[in-house]
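Below is one structure; the comments refer to it alone.
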Amino acid sequence: MASAFDQPVRRENTCSVKFDARQAVFGREDVIPVWVADMDFAAPEAVTRALTERARHPVYGYTLFPDSLYQAMIDWFAQRHGWHIRREWILMAPGVVPSLNAACMAYAEPGEGVIIQPPVYPPFFSSVRQSGREVIENPLVQDPQTGQYRMDLEHLEQCAARPDARVLLLCSPHNPVGRVWTEAELKELLAIARRHNLVVLSDEIHCDLTYPDAAPHTVLGRLAGEEDALVTAVAPSKSFNMPGLGLSALVITDPDRRKAMKAVFESMHLPQCNPFSIAGFEAGYRHGATWLDELLGYLQANRDFVASAVSRRLPGIDVAVPEGTYLMWLDCRSLGLDDAGLKRFFVEEAGVGMNPGVTFGHPGSGFMRLNIGCPRSVLEQVIARIEAALAGL
């Protein structure tokens, strides 16, 4: 039976980074773009309706955050994740990536250390370095048999024990490896943070995107106490495919830490948000549940199609089945190409535009990140192109 997600949406000539930057990024406009982490699906109708209704009012001035926006978020996390958030804990933010930067500035001094767990989303590196803080790497460990990753908690303890370590940036669920961390893993991470007085920023932007056949996401804040030094970053942007609207939220139980983050945003004049971001944020959390459930079923079928096709048709490439996100982490090391050669192969020979794994840190060398948030027909073309290119390699 055909799905609404099977319907292609033309994104060319909409100033889409994913589509309209192909010439600049890949050197050719005809690659199939399966890179930037947004999806090629129409957002929920309720979101579009809310934006349209707001557009009908012809004044787009400075806008307050309404009480209804906070309540929609509080209700969503209580119902979806069993996490009960108090209104005063919430600080609206101009996006999760700016929040990574702000956390480095708020909780570590220049030259002090911030722990990250590569391979990880590139802004984790840049937010530390560009703020003048030092990256402390706690690489994930890959199981050579299953390809799945785990945290190296023993090494994390050593990193946290460094006298200059101040902050841990956690990606949960993890981009790009697709792990949904277990409650046991998260409890041990919290224990390490407590022992060494680390502030943890938990980037949970993909928290709603866990597959129906996988264990559900555990919000770190649900395990933590109010006294824990925890900042949880969330947003409806990945859940409902509206990252261009830019609005996110931070949940910070401690008032002094909340004040510190707010001060960083205000120093850069970042708190202002446009009325459309507010309308989309509230509409997603208030009305997006049914759409999201249908999306997750479609993404799971996409994931399984790709995993099966890689195993059967793409020799030299392996993939571990992700538990969350709409991203798949392709292990291409058996192809025997260096990172430049790997990118060249996929772009020039296969005509497929993916994110090179090395951009996620040295542990990503030899990998590629594939975005499966697109109609199945697109993934069929991607697999067919790679299969043909491998035949000629």
Residue pairs involving residues 334-345 (criterion side chain to side chain donor-acceptor pair (under 3.5 Å); sequence neighbours excluded): Asp339-Ser365
Main-chain N/O of Arg22 paired to Arg28 side chain as donor or acceptor, under 3.5 Å: no
Restricting to pairs with a member in residues 370-382, which pass side chain to side chain donor-acceptor pair (under 3.5 Å), not counting sequence neighbours? Asn302-Arg376
Identified side chain to side chain contact (heavy atoms under 4.5 Å, CB included) partner of Pro123 from the options Leu100, Val96, Asn101: Leu100
Taking Thr52 for the side chain and Thr48 for the main chain, is one N or O donor matched with an acceptor at less than 3.5 Å? yes
Can Ile383 be reached from Leu299 by stepping across I, L, V, M, F, W or Y side chains whose heavy atoms are under 4.5 Å apart? yes
Taking Ser131 for the side chain and Val128 for the main chain, is one N or O donor matched with an acceptor at less than 3.5 Å? yes
Pairing residues for Glu226 by the salt bridge (Lys or Arg N to Asp or Glu O under 4.0 Å) criterion, not counting sequence neighbours: Arg86
Arg87 charged N/C atom sitting above Tyr70 aromatic ring, 6.0 Å / 45°: yes
Less than 4.5 Å apart, any side-chain heavy atom of Ser16 and any of Val36? no
Student check: side-chain heavy atoms of Leu168 and Leu189 closer than 4.5 Å: yes
Relative to each other, are the rings of Tyr60 and Phe276 parallel, tilted or perpendicular (30° and 60° limits)? tilted
Side-chain donor-acceptor contact under 3.5 Å, Asp293 with Thr290: no
For Arg286, all residues meeting salt bridge (Lys or Arg N to Asp or Glu O under 4.0 Å), sequence neighbours excluded: Glu282
Determine yes or no for a side-chain-to-main-chain donor-acceptor pair under 3.5 angstrom, with Asn241 supplying the side chain and Met39 the backbone. yes
Counting C-beta onward and ignoring hydrogens, is there a side-chain heavy-atom pair between Glu157 and Arg195 closer than 4.5 Å? yes
Quick check: is Val264 connected to Ile252 through a chain of hydrophobic side chains (ILVMFWY, heavy atoms under 4.5 Å apart)? yes
If a pair satisfies side chain to side chain donor-acceptor pair (under 3.5 Å) and one of its residues is in residues 208-217, list it, with sequence neighbours excluded. Trp76-Asp208, His81-Asp208, Glu204-His217, Asp208-Ser239, Asp213-Arg303
Answer yes when Arg166 and Glu109 have at least one side-chain N-carboxylate O distance shorter than 4.0 Å, and no when they do not. no
Determine yes or no for a side-chain-to-main-chain donor-acceptor pair under 3.5 angstrom, with Arg385 supplying the side chain and Gly351 the backbone. yes
Taking atom CZ of Arg312 as the centre, does the number of heavy atoms from other residues, nucleotides or ligands within less than 6.0 Å exceed 12? yes
Tell me who clusters with Val141, hydrophobic residues only, linked when side chains sit under 4.5 Å apart either directly or through other members. none
Can you tell whether the side chains of Arg258 and Glu88 come within less than 4.0 Å, N to carboxylate O? no
Could you tell me which residues satisfy ring pair (Phe, Tyr, Trp, His ring centres under 6.0 Å) with Phe305, sequence neighbours excluded, listed by chain and number? none
Under a 3.5 Å distance rule, please check whether Glu349 uses its side chain to pair with a backbone N or O of Ala389 as donor and acceptor. no
Going through the checks in order, is the side-chain hydrogen bond (donor to acceptor under 3.5 Å, both in side chains) test met by Gln117 and Asn138? CA-CA 5 Å; Gln117 297 175 308; Asn138 168 227; 3.0 Å; yes
Determine, stepwise, if the pair Asn274 / Ser277 fulfils side-chain hydrogen bond (donor to acceptor under 3.5 Å, both in side chains). CA-CA 6 Å; Asn274 73 63; Ser277 298; 3.2 Å; yes
State, with a plain yes or no, whether a side-chain heavy atom of Trp181 is found less than 4.5 Å away from one of Leu170. yes
Does either side chain, that of Gln79 or that of Asp75, offer a donor lying less than 3.5 Å from an acceptor on the other one? no
Examine the side chains of Arg369 and Asn175 and answer whether a donor and an acceptor come within less than 3.5 Å of each other. yes
Using the ring pair (Phe, Tyr, Trp, His ring centres under 6.0 Å) criterion, which residues pair with Phe5? Sequence neighbours excluded. Phe41, Trp291, Tyr298
Under 4.5 Å between side-chain heavy atoms, chaining through other members, with only Ile, Leu, Val, Met, Phe, Trp and Tyr counted: pull out the rest of the cluster around Val9, sorted by chain and number. none
Who are the side-chain hydrogen bond (donor to acceptor under 3.5 Å, both in side chains) partners of Arg56, not counting sequence neighbours? none
Can you name the residues that form a ring pair (Phe, Tyr, Trp, His ring centres under 6.0 Å) with Phe360, not counting sequence neighbours? Trp329
Taking the side chain from Thr232 and the backbone from Leu230, do they hold a donor-acceptor pair closer than 3.5 Å? no
Step by step, would you call Tyr107 with Val231 a side chain to side chain contact (heavy atoms under 4.5 Å, CB included)? CA-CA 11 Å; Tyr107 306 124; Val231 177; 3.7 Å; yes
What residues form a salt bridge (Lys or Arg N to Asp or Glu O under 4.0 Å) with Asp228, not counting sequence neighbours? Arg194
Check this for me, if you would: do Arg162 and Glu134 make a salt bridge, where the nitrogen-to-carboxylate-oxygen distance has to be below 4.0 angstrom? yes
May I have the step-by-step check of side chain to side chain contact (heavy atoms under 4.5 Å, CB included) for Val34 and Val352, ending in yes or no? CA-CA 7 Å; Val34 279; Val352 175; 3.7 Å; yes
Less than 4.5 Å apart, side chain to side chain, heavy atoms only: is that true for Leu390 and Leu335? yes
Would you indicate whether the side-chain heavy atoms of Leu190 and Leu223 approach each other to under 4.5 Å? yes
Crowded around His362 NE2? As in, over 12 foreign heavy atoms under 6.0 Å? no
Looking at Glu29, I want to see if its CD is surrounded by more than 12 non-hydrogen atoms of other residues, nucleotides or ligands under 6.0 Å. no
Any side-chain heavy-atom pair of Val114 and Val135 under 4.5 Å: no
Looking at Arg313 and Glu387, is there a salt bridge between them, counting it only when a charged N and a carboxylate O are closer than 4.0 Å? yes
Out of curiosity, does Phe19 fall in the hydrophobic cluster containing Val382 (side-chain heavy atoms, cut-off under 4.5 Å, transitive links)? no
Does the Asp304 side chain pair with the main chain of Ala301, one donor and one acceptor, at a distance under 3.5 Å? no
Verify the cluster assignment for Met354 and Val378: are they in a single hydrophobic cluster under the rule of side-chain heavy atoms below 4.5 Å apart? yes
Is a salt bridge present between Lys18 and Asp40, judged by a nitrogen-to-oxygen distance below 4.0 Å? yes
Test Asp143 against Arg150 for side chain to side chain contact (heavy atoms under 4.5 Å, CB included), laying out the working first. CA-CA 8 Å; Asp143 186 309; Arg150 63 174 176 83; over 6 Å; no
Taking only Lys NZ, Arg NE, NH1 and NH2, and the carboxylate oxygens of Asp or Glu, determine whether Glu112 and Arg133 approach each other closer than 4.0 Å. no
Separation between CG of Leu209 and OH of Tyr326, rounded to the nearest 0.5 Å: 7.0 Å
Side-chain heavy-atom pair Ser248, Ser237 within 4.5 angstrom cut-off: no
Decide whether Thr182 and Glu185 meet the rule of one side-chain donor and one side-chain acceptor closer than 3.5 Å. yes
With the 4.5 Å side-chain cut-off for hydrophobic clustering, are Leu296 and Leu379 part of the same group? yes
